[in-house]
Amino acid sequence: MARIKILDKTFETTYTEADVLSAISRVADKISKDLTDKDPVFVCVLNGAFMFAADLMKRVNIPSQISFVKLASYSGTQSTGVTKELIGLNESLVGKTVVIIEDIVDTGITIANLMEQVRQKGATDVRVATLLYKPASCKLNWTPEYVGIEIPNDFIVGYGLDYDGYGRNIPEIMTLVKE
Ligand code: 5GP
Ligand code: MG
């Protein structure tokens, strides 16, 4: 699958499924080493992180729990910067080590908001595992602890990420072709 069309836009492969899985294995190994005795709670941010979370959690080999939250902050190809919690965290995170599982950190607004909400629930160690990270776009004075792949400031789909709802099931990372 070199090029595909989704709605009005063309996307081309930039990372194959094998590239993505090797990045995820590296992240899972690092998390498993760092948090061996920490009994972490993983918090998967739906919808975008569903595929990353599944592949990551299959490779994390320490005792841990996983929970799911849902936020909306994006429509089309421009980030709106508005964060909204749709499905909240119900379990107690008091004193816990939490690893937030995200699909992508772009400006960082979404993740900063979520990290704050997780801290307010009492988590004492809050970390982020993101499949993709756009360092040039991130406005925060902070870097995600666990990054799969650093990418340029382009719009991508696949591996859970969508363009207007489509493309989440594509098992590789595809970048918008600028016409
Ligand atoms: P941030 O708040 O960091 O700017 O944006 C985070 C959210 O914007 C992500 O969770 C994701 O939903 C969306 N987003 C940012 N960049 C991209 C991209 O290149 N492709 C897609 N499909 N979504 C993106
Ligand atoms: Mg997201």
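Keep in mind that this is a model prediction, so the values were computed, not measured. Residue numbers run from 1 in the order of the sequence given. Every number for a ligand or one of its atoms is a count from 1 in the order of the listing.
Using 4.0 Å as the threshold, Gly48 has no heavy atom nearer than that to any atom of ligand 1.
Looking at ligand 1, you won't find any N or O of Phe155 less than 3.5 Å from one of its N or O atoms. By the 3.5 Å distance cut-off applied to N or O atoms, Tyr163 is not counted among the residues near ligand 1. In terms of polar-atom proximity, Leu161 is not counted as a contact of ligand 1, lacking any N or O under 3.5 Å from an N or O of the ligand.
With no hydrogens or angles considered, a side-chain donor-acceptor pair links Glu172 and Thr13 at under 3.5 Å. No side-chain donor from either of Asp154 and Thr175 sits under 3.5 Å from a side-chain acceptor of the other.
Close approach to Ile156 involves these atoms of ligand 1, each under 4.0 Å from a residue heavy atom: 18 (C), 19 (O), 20 (N), 21 (C), 22 (N). Applying the 4.0 Å criterion to heavy atoms of Thr107 picks out, from ligand 1, the atoms 1 (P), 2 (O), 3 (O), 4 (O). Atoms of ligand 1 found under 4.0 Å from any heavy atom of Ile109, numbered from 1 in the order shown, are 2 (O), 3 (O). Those atoms of ligand 1 with a heavy atom of Asp106 less than 4.0 angstrom away are 1 (P), 3 (O), 4 (O), 5 (O), 15 (C), 16 (N). Set against the non-hydrogen atoms of Asp154, the atoms of ligand 1 under 4.0 Å away are 19 (O). Close approach of ligand 1 to Asp162 (heavy-atom distance below 4.0 Å) involves ligand atoms 21 (C), 22 (N).
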Inset, instruction - Please lay out, stage by stage, how Asp8 and Tyr163 fare under the test side-chain hydrogen bond (donor to acceptor under 3.5 Å, both in side chains). - result: CA-CA 10 Å; Asp8 58 329; Tyr163 170 50; 2.7 Å; yes
Inset, instruction - Could you walk me through whether Asp34 and Tyr146 pass side-chain hydrogen bond (donor to acceptor under 3.5 Å, both in side chains), step by step? - result: CA-CA 11 Å; Asp34 287 357; Tyr146 306 104; 2.7 Å; yes
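By the criterion of a heavy-atom distance under 4.0 Å, the side chain of Asp103, and not its backbone, is placed next to ligand 1.
Cluster annotation: Val177 is not connected to Tyr166 through the hydrophobic network of ILVMFWY side chains, with a link wherever side-chain heavy atoms come within less than 4.5 Å.
Side-chain atoms of Leu56 and Ile101, non-hydrogen and from C-beta on, do get closer than 4.5 Å to each other.
Under 4.0 Å is where a charged nitrogen must lie from a carboxylate oxygen, and between Asp29 and Arg26 no such pair does.
Using bins of under 30°, 30° to 60° and over 60° for the plane-to-plane angle, the ring pair Phe155/Phe11 lands in the tilted bin.
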